[in-house]
Colleague: 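Before we start, here is the structure in question, set down as C-alpha cells.
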Amino acid sequence: MKLLSGSELVDFIKERQAKQVRNLKQAHHIHPTLAIVRCNTQSDVISTYVRLKQAYGDDIGVEVAVYSETPDSLIARIESLNEDDSVHGVIVQLPVTPADLTEGAIEAVMADKDVDGLSSHAQFDPATPTAILWLLAGYNINLEHVAIVGRGRLVGAPLEKMLRNSGVDVMSYDETSADVLPEELRKAKVIITATGQPGVITADMIAQNAVVVDAGTASEGGVIRGDVAHDVRERQDLTITPERGGVGPLTVAALFDNVLLAARRVAESRQN
Ligand SMILES: Nc1nc2c(c(=O)[nH]1)N[C@@H](CN(C=O)c1ccc(C(=O)N[C@@H](CCC(=O)O)C(=O)O)cc1)CN2
C-alpha cells in the first residue's frame, strides 16, 4: 500500500505562506485575519476543526478570531465582519445547527471575504477540492478514469466542476446511484469519496492498483471518520490517503491560501 500523505506536503506550503504573511506585514502593514463564525457550540468535532485552523494560523502568523453565535445573532455577526476592514476572510464553520440556517449564513458572507468559496457568488476555490487536487498533483497521480462519490456542497459538487473545467473526464455518483455504484466504481482508476457515510466504500468496490482519496468527515461520537471501510485499508495494492494526515491538513492549508489571496487583493487595491 502506498500512502498519499497531506501532512508530508503541508510543511512546504506553510513555509511559502509564512513568507507571504511576513511580506504583507512588512511591506503593506496588513495583518492577515480570518474570522471563523460557528453556531453549534455543543459539537466537539467543530471544536477540533476550529482548533486546527487556529493552530495553523499561529504557525504562519495569521490572526484567527472565533465567534460563537446563536441562531439569532449569526447573520448580524457575519454582516458586521463583512464591514470590518481588519478582517480579510470570513467563514461559517460547518455544520451549523440548526442546519436550515446554513444556506443563509453562507450567502451572507460578502464575495471578497468568502475564503471558503462556498457561496453562489464565490470568487475563491473551495478548500477541500483544492486540497485534493494538490494531493493528487503532489504524488503525480494520473487523472484518468476518475470517479467522485458524493455530490455535496463542500467537496463532490465543486470538485466535479473544477475537474471538468480543467478538461478531466469525471464520473460522479450520489445516493441515487447506490445500485450501480459497486459495479461502476470497479471501472475507476482514481476514486475520490466524500459522502460522510463511514464505511460506505468497501474493498470489493475498488479495482486492483486504484488510487483512493477519502475526504469523508463524518462525526461518530466526537471522532472524525472517513468513507472507506476497514477492509479497504488491508489492500496492499492500493494508493490511498491515510486515516489521519491525508486531505484534512491540506484543506486547512488551502483555506489559508485564500485568506492570503484576499489580504493581497486588499494590498493591491490600496496601491491603485
Ligand atoms: N466552513 C467549512 N466547514 C467545513 C469544512 C470546510 O472546508 N469549511 N470542511 C470540513 C471540516 N474541516 C474544516 O473545516 C476539516 C476537517 C478535518 C481536518 C483535519 O485535518 N483532520 C485531521 C484529523 C483531525 C482529528 O481527528 O483530530 C486529519 O485528517 O488528519 C481539517 C479540517 C467540514 N466542515
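Just so you know, ligand 1 is whichever comes first in the structure, and atom 1 is the first atom listed for that ligand.
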Colleague: Indicate, as side chain, backbone, both or neither, the part of V247 found under 4.0 angstrom from ligand 1 when only non-hydrogen atoms are considered.
Modeller: neither
Colleague: To which protein heavy atom is atom 26 (O) of ligand 1 closest, and what is the distance rounded to 0.1 Å?
Modeller: R244 NE, 3.1 Å
Colleague: Counting only heavy atoms not in E144, do more than 12 fall under 6.0 Å of its CD?
Modeller: yes
Colleague: Test side-chain hydrogen bond (donor to acceptor under 3.5 Å, both in side chains) on D114 and S119 and set out the steps.
Modeller: CA-CA 7 Å; D114 176 16; S119 68; 2.7 Å; yes
Colleague: Could you tell me the residue and atom name of the protein heavy atom closest to atom 20 (O) of ligand 1, and the distance to it rounded to 0.1 Å?
Modeller: G248 C, 3.1 Å
Colleague: Only heavy atoms count here, so choose which of G245, G216, S219 is nearest to atom 30 (O) of ligand 1.
Modeller: G245
Colleague: Please determine whether a side-chain nitrogen of the Lys or Arg among E268 and R264 lies less than 4.0 Å from a carboxylate oxygen of the Asp or Glu.
Modeller: no
Colleague: What about A127: any of its N or O atoms under 3.5 Å from an N or O on ligand 1?
Modeller: no
Colleague: Per the side chain to side chain contact (heavy atoms under 4.5 Å, CB included) rule, which among V259, V62, V10, L260 passes with Q17?
Modeller: L260
Colleague: With a sphere of 6.0 Å drawn around CG of N165, does it hold more than 12 non-hydrogen atoms of other residues, nucleotides or ligands?
Modeller: yes
Colleague: For atom 24 (C) of ligand 1, what is the nearest protein heavy atom, given as residue, atom name and distance?
Modeller: I224 CD1, 3.9 Å
Colleague: Is it the case that the side chains of T202 and D204 hold a donor-acceptor pair, with the cut-off being a distance below 3.5 Å and no angle test?
Modeller: yes
Colleague: Taking a cutoff of less than 4.0 Å between a non-hydrogen atom of the residue and any ligand atom, is K53 in contact with ligand 1?
Modeller: yes
Colleague: For Q93 and Y49, test the side chains for any donor-to-acceptor distance below 3.5 angstrom and give the result as yes or no.
Modeller: no
Colleague: Does ligand 1 come near enough to Q93 that some N or O of the ligand is less than 3.5 Å from an N or O of the residue?
Modeller: yes
Colleague: Hey, is NE2 on H121 packed in by over 12 heavy atoms from elsewhere, all under 6.0 Å?
Modeller: yes
Colleague: Can you report which non-hydrogen protein atom sits closest to atom 32 (C) of ligand 1, along with the distance?
Modeller: V252 CG2, 3.8 Å
Colleague: Give the residue, atom name and distance (to 0.1 Å) of the protein heavy atom nearest atom 15 (C) of ligand 1.
Modeller: Y49 CD2, 3.6 Å
Colleague: Any idea which protein heavy atom is nearest atom 6 (C) of ligand 1, and the distance to it?
Modeller: L154 CD2, 3.6 Å
Colleague: Which of the listed options, T48, V92, L52, V155, holds the heavy atom that is closest to atom 27 (O) of ligand 1?
Modeller: T48
Colleague: Using a heavy-atom cut-off of under 4.0 Å, does the side chain or the backbone of L94 touch ligand 1, or both, or neither?
Modeller: both
Colleague: Can you report which non-hydrogen protein atom sits closest to atom 2 (C) of ligand 1, along with the distance?
Modeller: D116 OD2, 3.3 Å
Colleague: In sequence, state the C-alpha distance, the side-chain angles, and the governing distance for R38 and S47, and then conclude on side-chain hydrogen bond (donor to acceptor under 3.5 Å, both in side chains).
Modeller: CA-CA 9 Å; R38 55 182 288 180; S47 300; 3.3 Å; yes
